[in-house]
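Starting from 1, each residue takes its place in the sequence as its number. Just so it is clear, the model here is predicted, and its values are computed rather than measured. Both ligands and their constituent atoms are indexed starting at 1 by order of listing.
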Amino acid sequence: MTVPPKRADTPRTPHASRYARTWRAADGTQLCIRAIRRGDIALEARFLSGLSREALYQRVLSSRGLLPGELKRLTRIDFAREVALVGTVGGPSDEQAIGVARYVVSDSGAECEFAIIVADAWQRRGAGRQLLGDLIAAARGAGLRRLVGSTLATNEGMKSLARKLGFSLQPDPRDGTVTLMALEL
Ligand SMILES: CC(C)(COP(=O)(O)OP(=O)(O)OC[C@H]1O[C@@H](n2cnc3c(N)ncnc32)[C@H](O)[C@@H]1OP(=O)(O)O)[C@@H](O)C(=O)NCCC(=O)NCCS
């Protein structure tokens with residue numbers, strides 16, 4: 001019997017390890033950026049529970065809590081169709097997540113949609129730019145053509161970050177409270 005070759009886009013750990021790197025913030029704190037792993041459920045749960053209501057609202061555009069099974073889904077990444085990067089501080093015994101950026105590939109396979117959130121205490125310290133910059137590099141590396149996202153039209157922080165990273169912005173024609181962001185890769 002012939003064993004079918006493994007699909008090149010499915011190995012999780014080797015593929016995921018490609019995204020790991022460290023970065024030093026202006027105050028000297030060392031941040032690790034790496035792919036989210038299956039074992040990160042507790043890390044992600046602590047991160048989400050520490051977020052302000054406002055930051056969460058900006059991220060999911062709703063005030064809903066986590067849905068059943070969502071935490072598992074957020075940490076079981078199928079790298080064939082999504083990438084999720086986490087920024088962490090601390091060591092193996094006290095690792096703490098300070099931001100997460102992720103994209104999911106559309107059904108057509110050419111485009112992907114991103115979302116990002118940085119913990120309140122870490123905002124305006126450069127982490128968002130690093131995480132989204134790495135996510136853009138990951139999308140390019142995966143051969144995707146376009147990275148898109150949406151944010152509240154009042155979210156000046158996200159809009160400014162997007163502009164700085166080269167996204168074009170336009171109002172959502174279906175909903176004036178939303179701004180659409182798009183980057184040709
Ligand atoms: C938007 C967000 C991801 C930015 O992350 P961050 O780590 O604070 O961003 P950075 O420190 O890397 O800032 C990079 C640039 O973004 C812009 N920016 C970030 N926050 C800003 C704010 N509150 N007001 C104005 N500009 C802001 C600035 O241009 C900044 O550059 P500068 O510091 O040189 O002026 C973060 O504020 C966040 O998580 N908000 C809540 C969730 C959210 O809104 N997600 C977006 C929906 S997908």
Side-chain angles (χ1 to χ4, degrees), residues 19 21-36 40 43-67 70-71 73-75 77 81-90 95-106 111-139 144 146-172 174-185:
Y19 303 117
R21 74 170 176 103
T22 55
W23 167 73
R24 204 171 279 283
D27 68 358
T29 311
Q30 184 160 297
L31 185 79
C32 165
I33 296 182
R34 62 167 177 81
I36 286 187
D40 285 334
L43 185 84
E44 176 92 9
R46 280 198 306 276
F47 172 63
L48 292 175
S49 66
L51 292 171
S52 69
R53 204 176 260 264
E54 191 196 350
L56 257 183
Y57 186 83
Q58 300 272 29
R59 160 69 177 80
V60 294
L61 305 187
S62 119
S63 49
R64 71 166 172 82
L66 276 184
L67 304 172
E70 197 166 4
L71 210 46
R73 204 199 61 68
L74 289 172
T75 49
I77 306 303
R81 55 176 297 275
E82 59 185 318
V83 166
L85 303 178
V86 60
T88 68
V89 290
E95 190 184 30
Q96 184 197 338
I98 62 94
V100 172
R102 57 178 77 228
Y103 73 64
V104 177
V105 180
S106 66
E111 185 171 287
C112 54
E113 179 162 8
F114 81 91
I116 180 169
I117 188 161
V118 172
D120 298 64
W122 268 87
Q123 290 181 12
R124 295 312 295 263
R125 295 166 74 180
R129 188 194 292 247
Q130 297 297 320
L131 281 165
L132 192 50
D134 282 12
L135 199 70
I136 291 169
L144 294 158
R146 207 168 127 89
L147 183 62
V148 299
S150 57
T151 188
L152 284 178
T154 51
N155 191 343
E156 296 304 332
M158 183 64 239
K159 291 196 302 182
S160 170
L161 172 59
R163 276 193 208 96
K164 282 190 171 163
L165 291 175
F167 286 80
S168 56
L169 272 55
Q170 63 169 63
D172 184 340
R174 294 163 308 171
D175 182 349
T177 67
V178 171
T179 294
L180 302 177
M181 305 167 282
L183 179 70
E184 303 304 323
L185 300 166

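- Backbone and side-chain nitrogen or oxygen atoms of A55 are examined, and none is located within less than 3.5 angstrom of a nitrogen or oxygen of ligand 1.
- Residue contacts with ligand 1 leave out G149, since none of its heavy atoms falls under 4.0 Å from the ligand.
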Exercise for the section: Could you please spell out the steps behind the side-chain contact (heavy atoms from CB on, under 4.5 Å) verdict for T29 and W122? Expected result: CA-CA 11 Å; T29 311; W122 268 87; 3.7 Å; yes
Problem - Candidate pair F47 and I117, rule side-chain contact (heavy atoms from CB on, under 4.5 Å), full reasoning - result: CA-CA 10 Å; F47 172 63; I117 188 161; 3.8 Å; yes
Exercise for the section: Go through the steps for R21 and Q130 under the test side-chain hydrogen bond (donor to acceptor under 3.5 Å, both in side chains), then give the verdict. Expected result: CA-CA 11 Å; R21 74 170 176 103; Q130 297 297 320; 2.6 Å; yes
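- For ligand 1, the polar-atom distance check against A115 finds no nitrogen or oxygen pair separated by under 3.5 Å.
- Contacts of N155 with ligand 1, taken as heavy-atom pairs under 4.0 Å, involve the side chain alone.
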Problem - Worked check of side-chain hydrogen bond (donor to acceptor under 3.5 Å, both in side chains) between D120 and S52 - result: CA-CA 7 Å; D120 298 64; S52 69; 2.7 Å; yes
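- The shortest N/O to N/O separation between E156 and ligand 1 does not fall below 3.5 Å.
- Below 4.0 Å from some heavy atom of I117 lie the following atoms of ligand 1, by number and element: 39 (O), 42 (C).
- Among the candidates L152, T179, L132, the single residue satisfying the side-chain contact (heavy atoms from CB on, under 4.5 Å) test with M158 is L132.
- Between M158 and ligand 1, no N or O atom pair is found at a separation short of 3.5 Å.
- K159 has a carboxylate O that lies under 4.0 Å from a charged side-chain N of E156, or vice versa, which qualifies the two as a salt bridge.
- The atoms of ligand 1 that sit less than 4.0 Å from any heavy atom of G126 are 10 (P), 11 (O), 12 (O).
- Using a 4.0 Å cut-off to heavy atoms of R125, the atoms of ligand 1 that qualify are 11 (O).
- Every N/O-N/O distance between S150 and ligand 1 stays at or above 3.5 Å.
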Practice task
Applying side-chain contact (heavy atoms from CB on, under 4.5 Å), run through I36 and L74 and close with a yes or a no.
Solution key: CA-CA 9 Å; I36 286 187; L74 289 172; over 6 Å; no
Practice task
Could you go through the side-chain hydrogen bond (donor to acceptor under 3.5 Å, both in side chains) check for T75 and E44 one step at a time?
Solution key: CA-CA 8 Å; T75 49; E44 176 92 9; over 6 Å; no
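- Ligand-side atoms of ligand 1 in range of A127: 7 (O), 12 (O), range being under 4.0 angstrom from any heavy atom.
- Taking a cut-off of under 4.0 Å to the non-hydrogen atoms of S160, the atoms of ligand 1 that pass are 17 (C), 26 (N), 28 (C), 29 (O).
- Applying the 4.0 Å criterion to heavy atoms of R129 picks out, from ligand 1, the atoms 12 (O), 31 (O), 34 (O).
- Counting heavy atoms closer than 4.0 Å to ligand 1, residue Q130 contributes nothing at all.
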Practice task
For R102 and V83, run side-chain contact (heavy atoms from CB on, under 4.5 Å): C-alpha distance rounded to whole Å, both residues' side-chain angles, the deciding distance at 0.1 Å, then the answer.
Solution key: CA-CA 5 Å; R102 57 178 77 228; V83 166; over 6 Å; no
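- Within the set L51, I116, T151, the minimum heavy-atom distance to atom 48 (S) of ligand 1 is found for I116.
- Each of the atoms 4 (C), 14 (C), 16 (O), 17 (C) of ligand 1 lies under 4.0 Å from some heavy atom of L161.
- In this structure, Q123 contributes its side chain and V118 its backbone to a donor-acceptor pair below 3.5 Å.
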